[in-house]
Every structure is written in C-alpha cells, then in structure tokens.
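To start, the structure itself, in structure tokens.
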Amino acid sequence: MPHTSNQPILAVDIGGTKVAAGLVSSSGKILLSTRVPMIPDRSAREGLLAVFSAIDQIRRDPRSKNSRGLGISVPGWIDSHRGVLIKAANLPCWRDFSLASRLSAQYALPARIANDADAAALAEAVWGAGSKSENVFYVSLGTGIGTGMVRLRQICLGRGGSAFEGGHMTIDFQGVPCPCGKKGCIERYASGTAIARLARKLLRRRAAGSSRTLSLAGGKLENVTSEIVAQAARSRDALAASVLREAAAYLAVWLGNIIDLLEPDLIIFGGGLAPVMLSHLPRIRRELDHWAINPRRRQIPIVAARFAAESALVGAAALFHSVQ
Ligand SMILES: [Zn+2]
C-alpha cells in the first residue's frame with residue numbers, strides 16, 4: 001500500500017518506570033494510548049519485552065494496521081544516525097543498544113529514535129505552541145530540566161544526536177554538585193528536585209513550626225515536594241514564595257545565556273513545573289534585562305506548552321511528521 005500523510009504513526013515513550021505507547025494521527029492527536037510497567041534493570045531482552053507488550057496492545061486496534069512508522073523517545077544519550085541508545089541513567093538494561101533497529105525488525109516498520117526532551121520540543125514545534133515559529137527553544141521543567149531546539153521543524157541534533165542538554169549548563173562553577181558529575185547545573189537550582197531541596201534547607205535552618213509548607217507535608221521535611229511548595233506559595237506562605245522567587249531568578253540567568261546564544265523566535269515552558277514558573281514570568285522578564293544583552297530579548301515570547309504529560313509520546317510520532 002502506498003504511504004500517505006494521513007496514515008497514523010505508532011509512538012512509544014520509554015521511561016525508567018513505565019512504557020507509554022500510542023497511535024497518533026497525522027495532525028498530532030492521540031487516537032489511543034496505553035501504559036505498562038517498564039523493566040529497566042534486568043536484561044536487555046526483558047526491557048525490550050516490556051516495550052513490545054505496550055506496542056502490541058496498540059497494534060491490536062485495527063486503526064494501527066496502516067501505520068507509517070514507529071517513533072521512539074527515551075530519556076538518554078542517543079546516536080540518532082545509528083538509532084542507538086548509548087546510555088540512559090534510568091534504563092541500565094541497555095548500553096549501546098540498537099533500539100530503533102530492534103523495534104523496526106519486530107514490527108516491520110521504519111523506526112526513528114529521539115531523546116525525550118528533543119521529542120517534546122518537536123511535538124510543540126510541529127503541532128503545538130511553536131507551530132508558527134521557525135526557531136523554537138523548549139524547556140521541560142519537571143523533576144529535572146530537559147531542553148530541545150527545533151529549527152524549521154527539525155530537531156537540532158549536534159554532531160551525533162546528543163546536543164541541547166541545557167539542564168546541565170553550569171551557572172555557578174562553585175555551585176551545588178550534580179549527579180551528572182558537574183557542579184552548579186541549572187537543574188540544581190530551578191527543577192522540582194531543586195525547589196524541594198531548597199525549601200527543606202530553609203525549613204531546617206529556621207525550624208519554622210508555623211510554615212504552611214511544612215504543615216502541607218504533614219510536618220515531615222522529607223515529604224516536602226515542589227508541588228507542596230507551589231501549593232503553599234498559592235496560600236501566601238512566605239518561605240514557599242521566596243523559594244520560587246529564587247528558582248525563577250536562577251532560571252532568568254540561564255535563559256539570558258540561552259537567548260544570547262540562540263536568539264530563538266519562541267521559548268516554550270513545558271513539564272509539571274511550567275505553570276508555576278510561568279506565574280513568575282513578569283519577574284523572569286525583568287531579570288532578563290540584566291542577564292541577556294540581545295537587543296531583541298523582549299520580543300521573544302515565553303509561552304506554555306500545548307502538550308503536557310504526553311509530550312514525549314506525541315513527539316516520538318512527530319519524528320515522522322514529514323514522511324509521506
Ligand atoms: Zn548536571
């Protein structure tokens with residue numbers, strides 16, 4: 001059967017705890033989806049079987065029969081030219097693993113693979129908030145910070161496919177150690193993990209029995225999360241508000257570097273923490289006047305992503321957006 005651009009795309013988003021699979025229309029709509037648990041820390045074969053089981057569920061639906069390709073997103077280092085997952089911290093079952101060709105052989109479909117932040121960036125650039133822009137910089141603000149750059153609806157891959165690891169740009173060379181091995185990465189100051197860590201540090205220091213943040217965490221420091229900090233800030237907790245202001249200030253320093261380096265047409269905030277940081281946008285904008293020297297910095301919109309938790313799944317499908 002000749003391929004047409006109306007054919008849907010199979011997509012799979014593989015994480016450390018779950019595999020999401022879906023069928024995505026040629027306009028970026030999820031027609032059906034499923035998730036199964038991932039088996040990340042046993043053999044390569046067992047990891048692969050978990051992925052097969054998610055895709056097999058989608059393949060049982062007759063609408064998937066004329067899929068034109070299989071898009072894959074994973075949270076790790078990719079060699080996009082060879083379709084190889086080099087390594088991913090949350091997927092120790094695979095090292096230098098030819099994930100794309102294994103899935104391609106299993107389903108007799110062309111397969112393409114991308115890093116999950118790159119995939120999410122592509123989803124926004126093709127079908128989401130950036131669909132009218134040429135140069136889109138995407139930031140995923142969640143447990144960590146992921147970034148992707150898309151130019152003319154193509155992911156900027158760098159030499160081998162591992163470019164735009166923006167969450168690990170150092171903004172303080174004497175700063176907080178990061179699990180990546182460097183110090184002072186932006187992820188240590190403005191991610192969900194960083195916000196929870198800073199709130200716990202302040203609470204420990206001032207032994208604030210009356211803090212709304214602590215009461216929302218049931219009085220236990222170890223239960224403080226970025227969601228709780230955001231909730232406390234909404235009910236005017238001073239400590240929570242100051243933590244979020246600090247995270248926003250760090251984010252502005254980093255975004256200033258991004259703007260001066262890349263001058264994107266559009267910056268998109270995605271991920272679970274995006275609404276919180278977008279609520280600090282006036283402050284981030286004011287700070288950017290100090291941290292970016294680009295004369296057009298004020299003309300670059302900073303907007304919310306269209307796709308939420310499913311962004312990497314839709315983005316995996318977007319790897320086939322231009323394939324007829
Ligand atoms: Zn780092």
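Values below: all heavy atoms of this structure, side chains included; hydrogens, waters and symmetry mates excluded. When a ligand or atom number is given, it counts from 1 through the structure's own listing order.
- Taking 2.8 Å as the limit, the number of protein N, O or S atoms around the Zn ion (ligand 1) is 4.
- Open room surrounds CZ on Arg35; 12 or fewer heavy atoms of other groups in view lie less than 6.0 Å from it.
- Summarising the geometry, atom CG belonging to Leu202 is positioned 12.0 Å from atom CG belonging to Leu214; distances are rounded to the nearest 0.5 Å.
- Leu109 and Leu23 fall within the same hydrophobic cluster, defined by Ile, Leu, Val, Met, Phe, Trp and Tyr side-chain heavy atoms under 4.5 Å apart, directly or through other members.
- At least one donor-acceptor pair under 3.5 Å links the side chain of Asn115 to the backbone N or O of Gly76.
- A salt bridge between Arg82 and Asp79 is present, with a side-chain N of the basic residue lying under 4.0 Å from a carboxylate O of the acidic one.
- Separating the CG atom in Leu198 from the OG1 atom in Thr193 is a distance of 12.5 Å, to the nearest 0.5 Å.
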